[in-house]
Protein chains: 2
Amino acid sequence: MSLRMALLTLIAGQPRSGYDINREFDGVLMFVWHAKPTQVYPELKRLAADGLIREQDEGPRGRRPYEITQEGLRTLREWLTTTSADHSQRNETVLRTFALWTVEPAEAQAFLREELEYHRARLRGLRVLQKGLDLDRPADRAALLGLEAGVRRLEAAASWAEWALGVVATWPSTTAPEQDTG
Amino acid sequence: MSLRMALLTLIAGQPRSGYDINREFDGVLMFVWHAKPTQVYPELKRLAADGLIREQDEGPRGRRPYEITQEGLRTLREWLTTTSADHSQRNETVLRTFALWTVEPAEAQAFLREELEYHRARLRGLRVLQKGLDLDRPADRAALLGLEAGVRRLEAAASWAEWALGVVATWPSTTAPEQDTG
DNA sequence: TGGAGCATGTAAGACGTTACATGATTTA
DNA sequence: TAAATCATGTAACGTCTTACATGCTCCA
């Protein structure tokens, strides 16, 4: 259900084609929602068939931009005000962390260093995007909040990885299990 | 693929039945991984058929606890060391945030207050769990890192919601659009 | 003119959820 | 002895991914 709402949210902000949406799913929205092109295009057709979005005139290079309809906007508002958010998440970084005790501390540290680097790089990207917003546009004012959520999450993830690296440094090797020194 | 790894991770930490695992997916692991009982039970059967886990003697009340095998542990280590984590995420709270400009500021604030309360409540729960860990057990040492990741994420989410409430307070009503006062 | 990227799609299969089913054990 | 909870499952359906297909346009 939420893929529909993700598409409506993007198109409500400004008219977009499937291709535009796919680029967002690969970029900014990677930490919010994502879908493959093969899922996006048929869903856009369905939204149009249901009257929630409308195909605009074909743009350059065969683009098919969609705009939101009154009915689409109404559906989006209803979703926001009458249903509550699903808080269940899937986070592979944390899942792997729970299994880290099964590998050598050196391997665990390699994993954490990779995570640290990844989150730092993403953080830089988000901050650039945040500066590009036009706060006179209501949709961009909301995007500011959304991007700030991403920035704070990435900062938390990066500082966690740094902290975890220090903790793992104190772990005994798995092949030479801990022994008391008494 | 990662559901298998989530199950292996849990069972590697200590033997567990499907029921145990379902309770974890509903509780601690809600921000890490989740699956419904109807997906968990068949997957456990498959893992056992593949020799990655082994059914122990039937416990009280018809419980069927599984323990990890050497082959299962080897598979888990290989996953950790030879593949890298998928960082794509789905976060309905942030998705909804991008659409918040379509509703009245008062409705947006109600949403943010609900989020704030939710994250604060979860945070308290995680901190209790973290205190219950036995750091002499390697699996619990890894769990400490995992739970800390959750704590930091929830802290970030709560402080973001507080900040966002302040920002939304400055938004003009959608029915009475902004006008310059000059 | 040939390669990279633009832009949209179909089909098959894997993964995940919802609805439903079953029986045992503990507690009131 | 009735209700709540424990504990495991099947079937149908919906969502998402992977593999494959097509043609256009920009740039070197």
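Just so it is clear: chains get the letters A, B, ... in the order the sequence lines come, proteins before strands, and each one is counted from 1.
- One atom, CZ of B:Arg64, and another, C1' of C:dA24, lie 13 Å apart when rounded to the nearest Å.
- Rounded to whole Å, the distance from CE on B:Met1 to C1' on C:dC15 is 12 Å.
- Contact annotation: A:Tyr19 side-chain N/O to C:dC6 OP1/OP2 distance is under 4.0 Å.
- A:Tyr41 has a side-chain polar atom (N or O) that falls below the 4.0 Å cut-off from OP1 or OP2 of C:dT8.
- We find that CD1 of B:Ile21 is positioned 15 Å from C1' of D:dG9, with the value rounded to whole Å.
- Nearest-nucleotide mapping onto DNA chain D: of B:Asp20 and A:Trp33, the residue sitting toward the 5' end is B:Asp20.
- If you check every strand for non-hydrogen atoms under 4.0 Å, B:Arg90 touches sugar and phosphate atoms only.
- Under 3.5 Å, the side chain of B:Thr38 and the base of C:dT18 form at least one donor-acceptor pair of N or O atoms.
- Cation-pi geometry between A:Arg74 and A:Trp79 is not met at under 6.0 angstrom from the ring centre and within 45 degrees of the axis.
- OP1 or OP2 of C:dA19 has not a single side-chain nitrogen or oxygen of B:Lys36 nearer than 4.0 Å.
- Put simply, CD on B:Gln39 is 16 Å from P on D:dT8, counting in whole angstrom units.
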request  = Show your reasoning for whether side chain to side chain donor-acceptor pair (under 3.5 Å) applies to B:Ser17 and B:Arg23.
outcome  = CA-CA 10 Å; B:Ser17 67; B:Arg23 283 215 321 273; over 6 Å; no

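- B:Lys45 has no side-chain polar atom (N or O) that falls below the 4.0 Å cut-off from OP1 or OP2 of D:dT8.
- Both B:Pro42 and A:Ala35 lie close to DNA chain D; mapped to their nearest nucleotides by heavy-atom distance, the more 5′-ward contact belongs to B:Pro42.
- Using a 4.0 Å cut-off between charged side-chain N and carboxylate O, A:Glu117 and A:Arg113 make no salt bridge.
- The phosphate of D:dA7 has OP1 or OP2 within less than 4.0 Å of a side-chain N or O from B:Arg63.
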